[in-house]
Structure formats: structure tokens, C-alpha cells
Amino acid sequence: MAKITKSPWLLHYDGSSCNGCDIEVLACLTPVYDVERFGIINTGNPKHADIFLVTGGINEKNKAVVKQLYDQMPEPKVVVAVGICACNGGVFKDAYNIIGGVDKAIPVDVYVPGCAARPEAIIDGVVKALGVLDEKQKAFKAAKKQKGENK
Amino acid sequence: MSKRSIVPFGPQHPVLPEPIHLDLVLEDEKVVEAIPSIGFIHRGLEKLVDKRNYKDYLYVIERICGICSFMHGMGYAEGIERIMDVEIPDRAKYLRTIWCEMSRLHSHLLWLGLLADAFGFESLFMHCWRMRETILDMFEASTGGRVIFSVNKIGGVLKDMDSAMLKSFVEMFDKMEEEVKTLTNVFLKDYTVGSRLRGVGILTKEDAILNGAVGPMMRAAGIEQDTRKLGYAAYGDLDFDIITGKDCDSFARCEVRINEIFQSFNIIRQAVDKIPQGPVSVDVKGNPNGEAFVRLEQPRGEAVFYFRGDGTEHLNRARVRTPTFANIPSLVKILEGCDYADVPILVLTIDPCVSCTER
């Protein structure tokens, strides 16, 4: 990517992870990795967020929560599945309460593997997500424009 | 008579990275009752003993929680070693002790940071986490992982630390101790920090016993109990005192954890001085047949493990009672009658680890 066109805000939700990926997501925001210098902020409000970071697999109880958080985020939005559990269930794949990866509940754009995902990998995933976000934004604008012309 | 209303707290909440849900019954700004509900992170990993053999299960049980992952793995390894009557080499015991204390260090620094974040002291949060990274670097150098280490094995540990590495770690800890002292002085002496923590969330000694509090939560109420004194791993050979607080409030809990940081530095130094030479693991053959209880002192308090094997390669039952689960009744107790704005701090003072609680 040549440049970042936007200061993306993150929403982070812990699906059913072991906490490992969550502390690595937080570690990205703190001095050693410090993504805040790119204007990336961890927000608690889904309506402020552009990128949705989900860690851990999906189970019966959090499926609705993840879906609801996703629905509350404004378009265009990107979902990043952080860690192998969020990608496909990982080590807990066979556990009775795990349905699978985050893509069982909401569409996922970027998959970040690792157990736990390293901060470098998470940052890389977010940068990839920014590219997807840019494209989605273009498509979103084009769709809007077309709608206006059709009126 | 003011009207009662119920405010939901969580599961997604800006203060906590993990989902916990509380229904808070409020009368104006005062919390009258807190009703916890858990299960958002339940994975059912204790049942996975059916699908993984007892040697592979170590890597599952490690993933109960990413903060005390080393201690969960160690609890499991100790349990199976007890069932199978395996005596592990002394060097492995010392290495386990050193990694345990390093886990405690990084966990307490992580907690101090989250607490600072909860009362709105952003720069303090950043400093705590910056210091924590040094310990993670040491973990990476010695085990290869930052969060999940997979360094335990049934019969010892998989990796050794040579004397040069141990020496460099002690030097780093010496340097860190000064920095941590400067940092923790802010928690202990700053007026604004004190105003948020002192006299808030009082859990008396009687209540702590009644609600079965564990770990720093219990010790802050003046109860002298530390599972490390049972002498598992190499703790029996090391000299340390049980740290207690006396004010029973959030500040006392903070103080206990801060003192435990310095205690961990001391324990590591002693362990490095005393560590014997030799192998770090023994071969283990056969399958576990029998049952074992293991008690460990994790950063959040006492964890209890129970394992039962029946002579096949799959265990019959694995069960873990984690410290946060034991502390939830105390949390409900301290939330009663607190200000609504203090809820995040009080939730944090038990040092909640939701993924431990729900497994």
C-alpha cells in the first residue's frame, strides 16, 4: 500500500479465545508496536469502528453477540479474524461448544493465523484490511452514485 | 424511595478485553445488586480429554488462558507425573519455578496497566505494558513463544536455559526492578490514584472467608495463605514471605500485587543462584492410571486441578477450578452498594480472567 487514506478505528471482541490473541491485540496498541501512530485507535463503540477484530471461535452463546456487533458497524466495514481459533476453531475445533471460525457467523475479509497471533502478524492483517476497506469504500461510493443517477 | 433500574454491563465493553456480563440493579447511582452471567467463552475443553491422548492434551490445557498458560501446562504435567509416579529432575523443577515467576511478573504488570486504563491514566497503562514487553522478550528467548510457550512436558521441560542466559536475565531484572519501583510509586503515592482506590470495594476478612476468595483478593483482606508454601516445584527450597494487606480495599489489592512483583524478582534471583546442573526431563512410558489433585498459586490465586486416568491413553476426567471463578462471589459482594462509575475498577480488582473462568 502506498499510503493510508484513512485513520481506521478498531473494534475488538473476544469470541472464545484463550486471551492470548486479545493481549496481543492490546500489545499492538502499546509502545513497542504502537499502531496509534498510524491513527489506529481501539474503540469500544461498534458505531465508531471501521475494522472488526475478532479473536477466538464461535459458540452458541457468542454467535448472536458477534452478529449484533457486526450489524451495528456502519458500512463500509472489514472483518479480521485474529488467531487460528478465529480462522477455523484451531485447537478447540473438536470441542463440543465450538461451532467453528468467525466465518460461521459473519463474513470475514482477512484471516490472521497463529497461536497466539504475533503482533507483527496482526498489524500485517490490519494493513491488508485497510486495502480491502479502500476497495469497499470505492464500491460503496460507486453504488451510491449509480443510485443517485437512477433517480 | 428511588426507582430501581437494571443496567447491563458487557459482554462487549471498552474496559475489559474479555466478555463478562453483569446485570447491575441500580438505585439512582448506587449499585444494589450485581447478577453475573458467564458462558460467552465456554469452549468445553475439559471434555477434549476424550479426543486427545494424555500427552497431546497438555497443549490443549495450556490454552485455557493466554496469561497463565505456563502454569496451566505445569499443573497438568505435575498431575500426570503424580499419577504415574514420575520424579522429574531438579533442574526442571527450578526452571518451572523461574518461568512461573516470570508469568506472575508479566501478569501483574498487565493487570497494573489495565487498572490504570480503567481509571483513565493512559500514560501509566502504556508504561506498564512497555515494561511487560521486556519480560515477553525473555520468554521468547527462553521458550520461543510470547504467549503460549508449550515448554512443559510430562516428565520435565522441553527447553533448558544455559547459565549465560540466566545471568543475563538476572541482570535485566536488576535493571527492571528500579524502573518498576518508579512506576509502582505512582500507584502507591499519587493522590488521584489513591482517591480512586482507597476505601473502594471493601471486602472484609470475614467476607473473604465466607465467599471463598483466593489469591491477592484474599491476601489483601489480611488472610495469610499462599499455595506456593506447599512447596511444589522448587518453592520448598526458596525463601519468601506471604504478602498480605490490611485495608481490605482496592488499594490494598493493588499494593499486594505490587509487592508480589518485587517478591517474584527475589524468588527468581534465589532460584538462579541455587539451580542445579543436570538433565531437564526424563522419559515417560505407559499410560496414567489413577487420580491426582494439584494446587498451584497462579497470579490470580489458587488453581485446583483434578485428573483421573484409567490406564488408557485418554484420560477419564480433567477438571480445573480457576481462581477467577472462585473470586466471582467476592466480586458480587464488593459491587453491592458501590457507585455505578466504580464498577469497572471493582471488576478489575479481582483481576478477572474470563477465559480461565469459562474454559
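Proteins come first, then strands; the chains are lettered A, B, ... in the order of their sequence lines, and each starts at number 1.
- In this structure, A:Glu135 places its CD atom where only 12 or fewer heavy-atom neighbours from other residues, nucleotides or ligands lie under 6.0 Å away.
- Your options are B:Glu46, B:Glu62, B:Arg52, and the one with the most heavy-atom pairs under 4.5 Å with chain A is B:Arg52.
- For the set A:Gly15, A:Cys18, A:Cys115, the count of heavy-atom pairs under 4.5 angstrom toward chain B peaks at A:Cys18.
- How far CG of A:Asn19 is from OG of B:Ser69: 10.0 Å, rounded to the nearest 0.5 Å.
- Heavy-atom pairs under 4.5 Å with chain B were tallied for A:Val65, A:Val91, A:Asn62; the largest tally goes to A:Val91.
- Between chain B and the residues A:Thr55, A:Leu69, A:Asp22, A:Asp34, the largest count of heavy-atom pairs under 4.5 Å involves A:Leu69.
- Heavy atoms closer than 4.5 Å to chain B are found in both the backbone and the side chain of A:Tyr96.
- Rounded to the nearest 0.5 Å, atoms CD (B:Glu140) and CZ (A:Arg118) are 4.0 Å apart.
- Residue contact with chain B, scored on non-hydrogen atoms closer than 4.5 Å, involves the backbone of A:Leu29 exclusively.
- Looking at A:Asn59, the atoms closer than 4.5 Å to chain B (heavy atoms on both sides) all sit in the side chain, from C-beta outward.
- Counting heavy-atom neighbours within 6.0 Å of A:Lys136 NZ, excluding the residue itself, gives a total above 12.
- With a 4.5 angstrom heavy-atom cutoff, B:Leu48 touches chain A only via side-chain atoms.
- Between chain B and the options A:Lys63, A:Glu24, A:Glu60, heavy-atom pairs under 4.5 Å are most frequent for A:Glu24.
- A salt bridge is absent between A:Lys61 and B:Glu358: the closest approach of a Lys/Arg side-chain nitrogen to an acidic carboxylate oxygen does not fall below 4.0 angstrom.
- The nearest pair of heavy atoms linking B:Ile41 to A:Ser17 is CG2-O, 3.4 Å.
- The heavy-atom pair separating B:Gly66 from A:Ile23 by the smallest distance is O-CD1, 4.1 Å.
- Taking chain A as the reference chain and counting heavy-atom pairs below 4.5 Å, the highest number among B:Arg130, B:Arg132, B:Arg63, B:Lys51 is found for B:Arg63.
- Heavy-atom minimum distance, B:Trp129 versus A:Ala27: CZ3-N, 3.7 Å.
- Closest heavy-atom contact between B:Ile148 and A:Ala116: CG1-N, 4.1 Å.
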Residues B:Leu114, A:Leu26; criterion side chain to side chain contact (heavy atoms under 4.5 Å, CB included); working and verdict: CA-CA 10 Å; B:Leu114 289 179; A:Leu26 276 184; 4.1 Å; yes

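- Heavy atoms of other residues, nucleotides or ligands lying less than 6.0 angstrom from CZ of B:Phe325 number 12 at most.
- Between chain B and the residues A:Val32, A:Asn97, A:Asn42, A:Ile98, the most heavy-atom pairs under 4.5 angstrom are made by A:Asn97.
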